[in-house]
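To start, the structure under review is shown below, and the notes come after it.
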Amino acid sequence: MTSYHLDHLQHLETEAIHIMREVAGEFERPALLFSGGKDSICLLRLAEKAFRPSDLPMPLLNVDTGHHFPELNEFRDRRAKQLGARLIIRTVEEAIAKGIATVAAGEISRNRLQIPTLLAAIEEFRFDCCIGGARRDEEKARAKERFFSFRDAFGQWDPKNQRPEIWNLYNGRLNPGENMRVFPLSNWTEMDVWEYIQREKLEVPSIYFTHRRQCVRRGGQWLPVNNLVPPKPSEEVRDLVVRVRTIGDIISTGCVESPAATVSDIIAEIAAARVTERGSRADDKSSEAAMEDRKKAGYF
Amino acid sequence: MTVPIDILRFNTCGSVDDGKSTLIGRLLYDSKSLMEDQIEALERSADITGGGQINLANLTDGLRAEREQGITIDVAYRYFATPRRKFIIADTPGHVQYTRNMVTGASNANLSIVLVDARLGVIEQSRRHTAIASLLRIPHLVVAVNKMDLVGWSEQRFFEIRAQFEEFLPRLDIKDVKFIPLSALNGDNVVDASPHTPWYVGPTLLGHLETVHIASDWNLQGFRLPVQWVNRPNNPTDASLHDFRGFSGQIAGGIVRVGQKVLTLPAGVVTTVKEIWTYDGKVKEAFCPQSVTLVLADDIDISRGSMIIGADYLPGCTTELHAEICWMHPRPLQAGKKYFLKHTTHTVQVIVTELVNQLNVATLETEDQPEALAMNAIGEIRLRTAKPIVFDGYGTNRLTGSFILIEQGTNATVAAGMLLPPRETVKSENGDYVI
């Protein structure tokens, strides 16, 4: 008995594999952005599904802000090794030292500084396409992204002048210096990602699961206590049982109090959640158009 | 927790101020798909710009430029789920200059919602959007008659608008149409049934979206595999993979089985399927729209852009094409100009040889031999490709019957094309195939 029916995860999967293979077919020098976060973990599995038994026809690229959670970097390196993939790391630190990125007075966040670091890496390796794990359900500006998102020679996104995307026909043609960002998970939601992690039995960094951590109350969130931005005497510090829902830099990633110890626990927690995942990211809250502005400048 | 069993993709279209964004906001709000931080953000912006009233349109009008102009300028995608289904919404704008975005948002849809302002009734935009939905062969259409509160919930007005649609619907290719009276602003008949429409016995909008039968959009007749990528391991550690040569792609139609005879085009060579590879192991059969890798019995010259097909339903294979197109670029289409044509995984040079006609969306009549097709024009054209294209009529198979045109130099995507059925198909002669 055969049923010629795909469920929602299988639909999302075949769509994403198709996009991965279009990238391999249409671009000379693609790269896959791999941070070790849950979305890029799914991307890597989709790349395996698209290209095995061959090696992945693209290196992995990560921009290390220097403010990453150590658990994340450890996982990133280990996973790349398991896959036999080439992992290229470019650091914001190095970009600052070389004068590629310039720190503004009092600027602590590395969010803006990732942009020139990434663009310099693209130039250094002459990448014509970077595959990223962004999802449209994350944020309002991302909701308007195409699967194939064209960037001009300055790495800029022009939301008013995007290429129409019709059926599954992606236009990947570029002139020299131009670049494509490709988002195979565009149609996935946070729930889809976790259900896929469960179905594929994928390992994720330990900080997604419940653990005990010292947190400081700041901007309405519980941020991990760290050396970069130590708690002020006036701030409340507590020892909490938490997990992270989305991973950004250690100075801006809010921890949520949670007992979720397994992927199933996380799925149950998200099903009942009343706050979006980006609600725990201070970098998106700074203004209503924060993401739109960063994307126009070349961010993901 | 119930796992949603399938995905319904739909798009919303209508004119400026018909209330599309409000309708989507209402669907999300009333189906409890909004999170607290999103509601908080809405309330914050209500205090600043809305005089304290929550503006549901702010949920989807994401870009700063849109909020400033109060209109949706691009396709925005939204996701929500109910216990019965998962939904992907493409919110596509209504004003004329952005019709290309509607085509983008609607091309993969199972269902289109055309919004009509109950006070205005059918206007040119309503006809245009319905015609595009028909052209794209979207299987289901919902006419959402919005702002019914502003016409006193008049049953007579609702049926007048229905009659206006029924005047032109028979000339289009839409099989399933549902009319629903509602008020997006107040939430009547969106998620919850309205107390104001005792004369309406049909489902609410969400009720309809949850239950409409989406008979598989995927064509299971006539196996088609456009080759995307040739899978040849470079340095396999596994010696058995030394001669591995697989053809990877997403099945664009039909079913394929191990041992099945297939035809490779444009080479015109017949072979059999030896293995079907997936990451999760070899399988005995696979179907549209799965992504697979085929290993064939014979060593045949196949590369990206080739097509592997079942010999039971034969496609056309020619350089002379006849298609309906929607033109999407400010520079008009002129006969004689060269473009790139991307069809399945194949990109070739093409010359537009003739502009056959243009559809007048106001009358749904065609005008023959137009001089040019301008932005948003819909019409029939003839083209000649530099190499033969293996295709089906768009009405038979959306994936092997569609193409885009790309302007040379700027690389802009300038047209969406739907091929008419081939006049003759590939022919079999003594077991060989003649193209």
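Just so it is clear: chains get the letters A, B, ... in the order the sequence lines come, proteins before strands, and each one is counted from 1.
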Can you name the closest pair of heavy atoms from [X] and [Y] and give their distance?
X: W229(B); Y: G25(A); result: CD1-N, 4.2 Å
X: L169(A); Y: F403(B); result: CD1-CA, 3.5 Å
X: S291(B); Y: H18(A); result: OG-N, 4.0 Å
X: W167(A); Y: N108(B); result: O-ND2, 3.2 Å
X: E165(A); Y: S107(B); result: O-OG, 4.2 Å
X: P289(B); Y: T14(A); result: O-OG1, 2.6 Å

Does R163(A) offer a backbone N or O that forms a donor-acceptor pair with the side chain of T413(B) under 3.5 Å?
->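 No: the side chain of T413(B) does not pair with the backbone of R163(A).
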
Chain B heavy atoms under 4.5 Å from F51(A): which part of the residue, side chain, backbone, both or neither?
->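 Contact with chain B: backbone and side chain both.
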
Side chain, backbone, both or neither: which part of H11(A) has an atom under 4.5 Å from a heavy atom of chain B?
-> side chain

Select all residues of residues 170-177 of chain A having any heavy atom within less than 4.5 Å of some heavy atom of chain B, and report them by number, or 'none'.
->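 Within residues 170-177 of chain A, the residues that come under 4.5 Å of chain B (heavy atoms only) are Y170(A), N171(A), R173(A), L174(A), N175(A).
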
Candidate pair R9(B) and E15(A), rule salt bridge (charged side-chain N to carboxylate O under 4.0 Å, His left out), full reasoning | CA-CA 14 Å; R9(B) 295 175 188 239; E15(A) 175 181 77; 3.1 Å; yes

What pairs meet the salt bridge (Lys or Arg N to Asp or Glu O under 4.0 Å) rule with one or both residues in residues 45-58 of chain A, with sequence neighbours excluded?
->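 Qualifying pairs: E13(A)-K49(A), R45(A)-E48(A), R45(A)-E200(A), E48(A)-R79(A), K49(A)-E200(A), K49(A)-D280(B).
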
